[in-house]
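Written below as structure tokens is the structure these notes are about.
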Amino acid sequence: MSASGPPWALALHGGAGVEQDRNYDRAEAKLAELVLDGEARLRRGDAALDVTVDLVAEMETSGLFVAGRGSARNALGHVEFDASLMDGGQGRCGAVAAIQGVCSGIRAARAVMEASDHVLLVGDGASRFALSQGLAPITDLDRWLTEPDGYDPADIDRSHGTVGAVALDLSGRLAAATSTGGVYNALPGRVGDSAVIGAGTWADPAVAISCTGQGEAFIRVCAAHAVASRVAGGEAPDTAAAAILASVAQASGDGGLIVVTSDGDVAMAFNTPGMKRASVSWRREAQTGVIGGALRPARRSERKGDCDDDQ
Ligand code: ASP
């Protein structure tokens, strides 16, 4: 790929909880479709913030990841989302935690950033605020969730299936967005790193990061911001990512993270058997991967990856 013009880059993840013997073809096909859509949008000058939020929202809607329609029920059988985003150019951020009854956690987090004076809203207050901003409600949770609708639950890994996107646009702006349906069987009210700016999500003028994995460990080491600090100190993004995942492991956690820098460099790292992921940049064609380090060219597939949106 020719690398003329200003740098741009995009990386996506769909969770690092993969298992060797499962089939992730539909999730990988969805990631391929989304990374190619994102490439087209970045090439035509769309803002990194819009691209990351829209791609995360599409992953939520797909039902193929543990976010949005594919979310995990907690110990009471409820579904609570955590989500956050950060606009690196302006240092703005927004987040929701343990939000219920709203279709898109990431759009709720964006509403907090853009339409309130706050950074983080939780629980009922977050739900009320999101609905007051015109976001779509979940009207029938049982029908909306993919699992009871005959979806093959074996396609969804319930341990780490958070979704995230990081991007650098043609104007040099970075953004990061992360959304999760939580970890299976969590205690009600549990909040993970995906809602915590600096732990699961970070963007500044130099770098954007989105994490997935055992949220408690990512919070303990303030993972996303720790990667940013290392990159600010001159470390290459893949070196910084590996160092922070080693800290996550020391904090008894596993998972992965994606990084895009203002130079248009991309890192996608994990300390699990794999991570559902995709990336593209001004220097490298779009590619996807799931198990291990192998990546393959991203291709659009004829097969429909989404669940029917029939709530
Ligand atoms: N990090 C998420 C959490 O702890 C889970 C995940 O990435 O799958 O809520």
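Numbering of residues begins at 1 and proceeds along the displayed sequence. Just so it is clear, the values below take in all heavy atoms, side chains as well, and ignore hydrogens, waters and symmetry mates.
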Relative to each other, are the rings of F81 and W144 parallel, tilted or perpendicular (30° and 60° limits)?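 Because their plane-to-plane angle lies in the 30° to 60° range, the rings of F81 and W144 count as tilted.
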Working to the nearest 0.5 angstrom, can you tell me the gap between [X] [atom1] and [Y] [atom2]?
{"X": "L55", "Y": "R41", "atom1": "CG", "atom2": "CZ", "value": "6.5 Å"}
{"X": "R277", "Y": "L257", "atom1": "CZ", "atom2": "CG", "value": "12.0 Å"}
{"X": "M113", "Y": "L120", "atom1": "CE", "atom2": "CG", "value": "14.0 Å"}

Taking all atoms of both residues into account, what is the closest heavy-atom pair of [X] and [Y], and its distance?
{"X": "A95", "Y": "A195", "answer": "CB-O, 3.4 Å"}
{"X": "L135", "Y": "S104", "answer": "CD1-O, 4.5 Å"}
{"X": "Q20", "Y": "P273", "answer": "NE2-CB, 4.0 Å"}
{"X": "A286", "Y": "L36", "answer": "CB-CD2, 3.7 Å"}
{"X": "V96", "Y": "V112", "answer": "CG1-CG2, 3.8 Å"}

Around D21, counting heavy atoms of other residues, nucleotides and ligands shown, do more than 12 lie under 6.0 Å from its CG?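 Yes - once you tally the heavy atoms of other residues, nucleotides and ligands closer than 6.0 Å, there are more than 12.
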Under 3.5 Å side-chain donor-acceptor pair for S127 and Q100: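 Note: S127 and Q100 side chains miss the donor-acceptor criterion.
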T178-S194 side chain donor-acceptor pair, cut-off 3.5 Å: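 Looking only at side-chain atoms, S194 and T178 do not form any donor-acceptor pair under 3.5 Å.
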Charged N to carboxylate O below 4.0 Å: is that the case for [X] and [Y]?
{"X": "R190", "Y": "E216", "value": "yes"}
{"X": "D37", "Y": "R300", "value": "yes"}
{"X": "R110", "Y": "D54", "value": "no"}

Run R296 and E28 through salt bridge (charged side-chain N to carboxylate O under 4.0 Å, His left out) and show every step you take. CA-CA 10 Å; R296 51 182 156 178; E28 191 171 2; 2.7 Å; yes
Do S62 and R69 come within less than 4.5 Å of each other through their side chains, counting heavy atoms only?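 A side-chain contact under 4.5 Å is absent here.
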Given side chain to side chain contact (heavy atoms under 4.5 Å, CB included), test F65 with L31 step by step and report yes or no. CA-CA 11 Å; F65 309 94; L31 286 168; 4.1 Å; yes
Identify the residue among D193, T162, T212 that makes a side-chain hydrogen bond (donor to acceptor under 3.5 Å, both in side chains) with T180.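 Going through D193, T162, T212 one by one, the side-chain hydrogen bond (donor to acceptor under 3.5 Å, both in side chains) with T180 is satisfied by T162 alone.
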